[in-house]
Colleague: 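First, the structure itself, so that you have it in front of you.
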2 protein chains.
Amino acid sequence: MAELTGVQKQYILHWGEMGTRWGINRTVAQIHALLYLSPRALPAEEIAETLSVARSNVSTSIRELETWGIVRAVHVLGDRREHYESMKDVWEMFRLVIEQRKRREIDPTREMLRRGLADLDPKELGADYTRERLAAMAGFFEAVTELHDQMKRLPTGTVRKLLRMGTKMRRKAG
Amino acid sequence: MAELTGVQKQYILHWGEMGTRWGINRTVAQIHALLYLSPRALPAEEIAETLSVARSNVSTSIRELETWGIVRAVHVLGDRREHYESMKDVWEMFRLVIEQRKRREIDPTREMLRRGLADLDPKELGADYTRERLAAMAGFFEAVTELHDQMKRLPTGTVRKLLRMGTKMRRKAG
DNA sequence: CGTTTCTTTCAGTACAAACTGAATATACAG
DNA sequence: CTGTATATTCAGTTTGTACTGAAAGAAACG
């Protein structure tokens, strides 16, 4: 992965761009893209050179990817440096990211809604309407959580089975 | 909605914060939260005052919410100003947002992957490995698209049925 | 039409997040 | 231990996005 080919460059740039749109640091996303495409683990310095970013930036970004569990350090014989490699199983990678974003973002939102409903003083202005809206939103988040839990537990390949079932149910329903 | 209650404030602030984490402008998210909680349509000026942001900022943000189709302008008798109201159906709101983010982000990524696979020169360094990685990622995005199409067409309430099915399949499988 | 009310646009500014490079810490070899 | 290679931290800087206020543009009114 000393030099990038055109296709690789495209992929890395696009991935970085996508990252920013989903609240993920551009460099973090680019490093992940680079490692994902690399057939071997890469040392931080090589990553920095390839992407033209500071060595320290790579260090921070790698650490974030590690906390997500989609990149890990491996050791190479006769080299003191850490080498980093990306998980290659795409489904598993997204599952990990989704699981953690749920924990960091969905769960606190659910909690906020629950607390809001509890804290609502029936005497305050428009309490009934506010309760109604909060409850509707809370219901949605409960369902999303349920969906996530299901997915998490489904054996591999079952998602596709469910997709087919969805088709059948849709046909029946008209 | 002249003055905000504590619970309403909490909701609006939290929603704004969530927005930023998902690549959605804080003010846009806050305005949406405010309108979602409001039992009546609000004129831009009132929104600006309530959230302490510039009138022009509200204008821009409202326009974005309108392009997503989750906020619309309505007219109030005896008032020349536009009043804005949010859609109240939570599922439908998220469906709209997801559909459009898919169009703006997932579809172009799918396209990039397809083009990458087509452009890959078999003679360039590591072409086989790159192809393998791109293909794996492309497969994932195809599946996501399929999933999205299914969901889009499912009659209301079917998602919940699928959830229950998932439970059964999981029990059988393990 | 001219006036008033409301909305949008836009150039400039403010702010938050990302990034750098130097300093510091850690790990290893001799 | 000492010296060297590598990794991390952090203060300061850069960059990009969000935001403001003034000005221009529309729309309704008399």
Side-chain angles (χ1 to χ4, degrees), chain A residues 12-35 41-68 71-85 101 104-105, chain B residues 12-35 41-68 71-85 101 104-105:
Chain A
I12 291 167
L13 291 173
H14 186 99
W15 207 241
E17 199 51 41
M18 272 315 97
T20 61
R21 301 220 191 174
W22 289 85
I24 289 161
N25 180 293
R26 174 178 278 114
T27 305
V28 170
Q30 286 185 348
I31 290 177
H32 175 260
L34 174 63
L35 293 178
L42 302 179
E45 198 180 345
E46 190 171 343
I47 297 171
E49 276 168 20
T50 309
L51 299 179
S52 308
V53 295
R55 174 68 186 74
S56 56
N57 195 358
V58 173
S59 183
T60 315
S61 302
I62 287 279
R63 206 139 76 85
E64 178 153 1
L65 288 166
E66 282 179 328
T67 67
W68 285 359
V71 160
R72 59 174 191 156
V74 295
H75 289 273
V76 170
L77 278 175
D79 197 333
R80 275 167 57 178
R81 299 172 301 175
E82 307 259 24
H83 289 56
Y84 301 96
E85 70 178 13
R101 293 202 71 162
R104 297 182 204 171
E105 290 145 23
Chain B
I12 291 167
L13 290 174
H14 186 100
W15 206 240
E17 199 51 42
M18 270 316 97
T20 62
R21 300 220 191 174
W22 290 85
I24 288 160
N25 179 293
R26 173 177 280 114
T27 305
V28 170
Q30 285 185 349
I31 291 178
H32 175 260
L34 174 62
L35 294 178
L42 303 178
E45 197 180 347
E46 190 171 342
I47 297 171
E49 275 169 22
T50 308
L51 299 179
S52 308
V53 295
R55 174 67 186 75
S56 57
N57 195 359
V58 172
S59 181
T60 315
S61 301
I62 287 279
R63 206 138 78 85
E64 178 152 2
L65 288 165
E66 282 179 329
T67 66
W68 285 1
V71 160
R72 59 175 191 154
V74 296
H75 290 271
V76 170
L77 277 176
D79 196 334
R80 277 167 55 178
R81 299 172 300 176
E82 305 260 23
H83 289 57
Y84 301 95
E85 71 177 13
R101 293 203 71 162
R104 297 181 204 173
E105 289 145 23

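Sequence lines set the chain letters: A, B, ... in the order given, protein chains first and strands last, and positions in each chain run from 1.
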Colleague: Using OP1 and OP2 only, check whether a side-chain N or O of A/R55 sits under 4.0 Å from C/dG21.
Modeller: no

Colleague: Which atom names give the shortest non-hydrogen contact between A/P43 and A/H83, and what distance separates them?
Modeller: CD-CD2, 3.7 Å

Colleague: Return yes if some donor-acceptor pair links the side-chain N/O of A/S59 with the main-chain N/O of A/R55 below 3.5 Å, else return no.
Modeller: no

Colleague: Does B/R63 make a side-chain N or O approach to OP1 or OP2 of C/dT9 shorter than 4.0 Å?
Modeller: yes

Colleague: Between D/dC10, C/dT4, D/dG21, spot the one nearest the side chain of B/R80, thanks.
Modeller: C/dT4

Colleague: How about A/L51 and A/V58: do any of their side-chain heavy atoms sit closer than 4.5 Å?
Modeller: no

Colleague: Once you round it to whole Å, what is the distance between C1' of D/dC19 and CD1 of B/I47?
Modeller: 16 Å

Colleague: Please give, in whole Å, the distance from D/dT17 P to B/R21 CZ?
Modeller: 20 Å

Colleague: From D/dT6, D/dA7, C/dG21, pick the nucleotide closest to the side chain of A/A44?
Modeller: D/dA7

Colleague: Quick one: is D/dC19 close enough that its OP1 or OP2 comes under 4.0 Å of any side-chain N or O from B/T27?
Modeller: yes

Colleague: Quick one: B/N57 CG to D/dT17 P, roughly how many Å, whole number?
Modeller: 16 Å

Colleague: Between A/Q30 (CD) and C/dA18 (P), how many Å, whole number?
Modeller: 13 Å

Colleague: Could you check whether any side-chain heavy atom of A/T27 comes within less than 4.5 Å of a side-chain heavy atom of A/E64, counting everything from C-beta outward?
Modeller: no

Colleague: For the pair made of CG in A/L77 and C1' in C/dC28, what is the distance, rounded to whole Å?
Modeller: 16 Å

Colleague: Between atom CD in B/E45 and atom P in C/dC6, what is the gap in whole Å?
Modeller: 7 Å

Colleague: Let me know the distance between CD of A/E82 and P of C/dA25, rounded to the nearest Å.
Modeller: 20 Å

Colleague: Does a side-chain N or O from A/N25 land closer than 4.0 Å to OP1 or OP2 of C/dC19, or not?
Modeller: yes

Colleague: Please give, in whole Å, the distance from D/dA7 C1' to A/I31 CD1?
Modeller: 14 Å

Colleague: Identify, between A/D79 and A/T60, the residue whose nearest nucleotide on DNA chain D lies closer to the 5' end.
Modeller: A/D79

Colleague: To the nearest 0.5 angstrom, please state how far the CD atom of A/Q30 sits from the CG atom of A/L13.
Modeller: 6.0 Å

